[in-house]
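Have a look at the structure below before the remarks.
None of these values were measured; they are calculated from a predicted model. Note that ligands are numbered from 1 as they come in the structure, with each ligand's atoms numbered from 1 the same way. What you see below is based on every heavy atom in this structure, not just the backbone, and it leaves out hydrogens, waters and symmetry mates.
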Amino acid sequence: MAFSMKDKNVIITGGSKGIGLGITTSFAREGANLIFTGRDLESGEGLAKDLQHQGLNVEFFQADVLDFNKTKELFKYAKEKLGSIDILVLNAGIYPETRIEDMEVEQWDMVHDVNLKSIFVSTKEVLPYMKDNAHGRIVIVSSITGNRVGNPGLAHYSASKGGVNGFVKTAALELAKYKITVNTVEPGNIMTPGMKNVLGEEYIKNQEATIPSGKLGTPEDIAYAIMFLASDEASYITGQTIIVDGGQILPESALDIN
Ligand code: NAP
């Protein structure tokens with residue numbers, strides 16, 4: 001049993017695959033009433049059906065985080081359906097690999113729109129509902145990349161995730177008076193389809209060699225940290241980040257990993 005999510009009304013973006021799948025499944029199993037989003041109808045509806053068959057209160061809402069009208073619709077729908085919005089987990093994100101010398105402005109913009117601009121839009125749009133409730137938890141999936149370390153091919157991604165952590169500090173300040181907390185979780189290297197398909201087997205092998213725990217993390221490792229920050233017990237924590245990386249950022253050199 002993790003932190004109880006019983007009767008909590010939760011929205012998760014990008015909740016059908018990878019880390020999002022772990023978050024959706026973990027929150028649902030802990031008793032949340034949950035709506036998760038994604039672009040891919042088939043995988044979203046498939047997951048929702050699976051979890052509903054297990055007796056869990058889960059629904060899929062098809063939405064691209066770049067469609068800001070859809071974001072408005074999502075929160076309006078959630079309020080009508082669930083009665084309130086207690087917790088918003090902003091997980092949807094992309095990390096296409098391109099070195100700076102080959103990177104086009106359009107690629108830079110796309111990564112920033114998905115990973116950073118959508119975070120601002122979702123936070124702004126959920127605010128009236130959480131204010132009405134005089135309660136709220138916003139947890140954003142950031143990354144060690146851009147905040148603790150760099151990663152060749154991910155300059156646009158690093159800048160977007162650094163931006164997320166910067167955004168959170170001011171959002172936490174502005175929203176504290178409404179009893180809304182805003183925090184981030186920074187995953188290290190987590191085994192997901194995105195990781196496997198975009199970055200590849202060789203990347204994964206190299207990363208494993210740099211992680212003191214000796215393995216990549218799981219989506220559930222991230223879900224549990226998010227669940228803590230979303231719990232009633234974390235009411236006095238805001239504007240903070242939890243790094244979940246198996247110790248990856250700790251060694252001064254490769255010789256320190258044994
Ligand atoms: P993933 O396996 O590629 O899954 C990404 C999820 O986001 C999917 O559910 C996808 O669903 C959704 N998504 C992508 N673009 C979207 C959009 N425009 N609108 C709505 N949903 C969208 O990626 P992941 O590895 O799980 O990453 C999830 C988050 O963790 C990201 O924010 C990423 O930056 C962060 N992170 C991951 C790692 C890692 O090691 N995996 C490390 C640090 C941080 P659809 O395809 O259905 O849209």
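Under a 4.0 Å N-O distance rule, the pair Glu73/Lys76 does not qualify as a salt bridge. Remark: Asp245 does not engage Arg148 in a salt bridge, criterion side-chain N to carboxylate O under 4.0 Å. A salt bridge is defined here as a Lys NZ or Arg NE, NH1 or NH2 lying under 4.0 Å from an Asp or Glu carboxylate O, and Lys49 with Glu45 fails to meet this definition.
Between Tyr157 and ligand 1, at least one pair of N/O atoms sits closer than 3.5 Å. Taking only nitrogen or oxygen atoms, main chain and side chain alike, Pro187 does not reach within less than 3.5 Å of ligand 1. Inclusion of Gly20 in the set of residues having an N or O under 3.5 Å from an N or O of ligand 1 is not warranted. Not one N or O of Leu66 is nearer than 3.5 Å to an N or O of ligand 1, by distance alone. Not one N or O of Ile94 is nearer than 3.5 Å to an N or O of ligand 1, by distance alone.
Here is the list of ligand 1 atoms found below 4.0 Å of a heavy atom in Ser142: 35 (C), 44 (C). Against a heavy-atom cut-off of under 4.0 Å, Ser143 is close to the following atoms of ligand 1: 43 (C), 44 (C). Atoms of ligand 1 found under 4.0 Å from any heavy atom of Thr192 (numbered from 1 in listed order, with element): 2 (O), 24 (P), 25 (O), 26 (O), 41 (N). Close contacts between ligand 1 and Gly18 involve ligand atoms 2 (O), 26 (O) [criterion: under 4.0 Å to a heavy atom]. Contact atoms of ligand 1 toward Val141: 29 (C), 30 (O), 32 (O), 35 (C) (distance under 4.0 Å to a heavy atom of the residue).
Residue contacts with ligand 1: Ser118 is excluded, as none of its non-hydrogen atoms falls under 4.0 Å. Not a single heavy atom of Thr37 sits under 4.0 Å from any atom of ligand 1. At a 4.0 Å cut-off, not a single heavy atom of Pro219 sits close enough to ligand 1 to count as contact.
Counting heavy-atom neighbours within 6.0 Å of Glu202 CD, excluding the residue itself, gives a total of 12 or less.
Note: the hydrophobic cluster containing Met227 also contains Ile12 (ILVMFWY, side chain heavy atoms under 4.5 Å, direct or indirect links).
Scanning the protein for heavy atoms near atom 47 (O) of ligand 1, the closest one is Asp40 N, 2.9 Å. Taking atom 37 (C) of ligand 1 as the reference point, the nearest protein heavy-atom neighbour is Ile19 CD1, 3.5 Å. Nearest protein heavy-atom contact of atom 42 (C) of ligand 1 is Gly188 O, 2.9 Å. Looking only at protein heavy atoms, the nearest one to atom 31 (C) of ligand 1 is Asn91 O, 3.3 Å. Among protein heavy atoms, the minimum distance from atom 19 (N) of ligand 1 is reached at Val65 N, 2.9 Å. Atom 27 (O) of ligand 1 has Tyr95 CE2, 3.9 Å as its closest protein atom, hydrogens excluded (heavy atom only). Among all protein heavy atoms, the one lying closest to atom 5 (C) of ligand 1 is Gly93 O, 4.0 Å. The shortest contact between atom 2 (O) of ligand 1 and any protein heavy atom is with Gly194 N, 3.2 Å.
Relative to atom 46 (O) of ligand 1, the option among Lys161, Lys17, Met110 with the closest non-hydrogen atom is Lys17. Which of Gly217, Ala92, Gly22 comes nearest to atom 21 (N) of ligand 1 through a heavy atom is settled by distance: it is Ala92.
Using a distance-only test at 3.5 Å, with no hydrogens or angles considered, a donor-acceptor pair links the side chain of Gln240 to the main chain of Thr238. Checked by atom type and distance alone, the side chain of Asn115 never pairs as donor or acceptor with a backbone atom of Gly93 at under 3.5 Å.
With Ser142 as the partner, the side-chain hydrogen bond (donor to acceptor under 3.5 Å, both in side chains) test is satisfied by one option alone out of Asn165, Thr241, Thr184, Asn183: Asn165.
In this structure, Phe61 has its ring center no closer than 6.0 Å to that of Phe36.
Across all their heavy atoms, Gly247 and Pro251 have their closest contact at O-CD, 3.5 Å. Lys161 approaches Thr145 most closely through the heavy-atom pair CB-O, 3.5 Å.
Within the 4.5 Å cutoff, the side chain of Thr181 has no heavy atoms near those of the Leu229 side chain.
In this structure, Glu233 CD and Phe228 CZ are separated by 8.0 Å, a value rounded to the nearest 0.5 Å. Rounding to the nearest 0.5 Å gives a distance of 13.0 Å between NZ of Lys8 and CG of Leu82. Remark: Ile23 CD1 to Ile226 CD1 distance equals 3.5 Å, nearest 0.5 Å.
Using a 4.0 Å cut-off between heavy atoms, Ala63 contacts ligand 1 through its backbone alone, with no side-chain atom that close. Contacts between Leu216 and ligand 1, counted as non-hydrogen atom pairs separated by less than 4.0 Å, are absent for every part of the residue. With a heavy-atom cut-off of 4.0 Å, Asn189 touches ligand 1 through its backbone alone.
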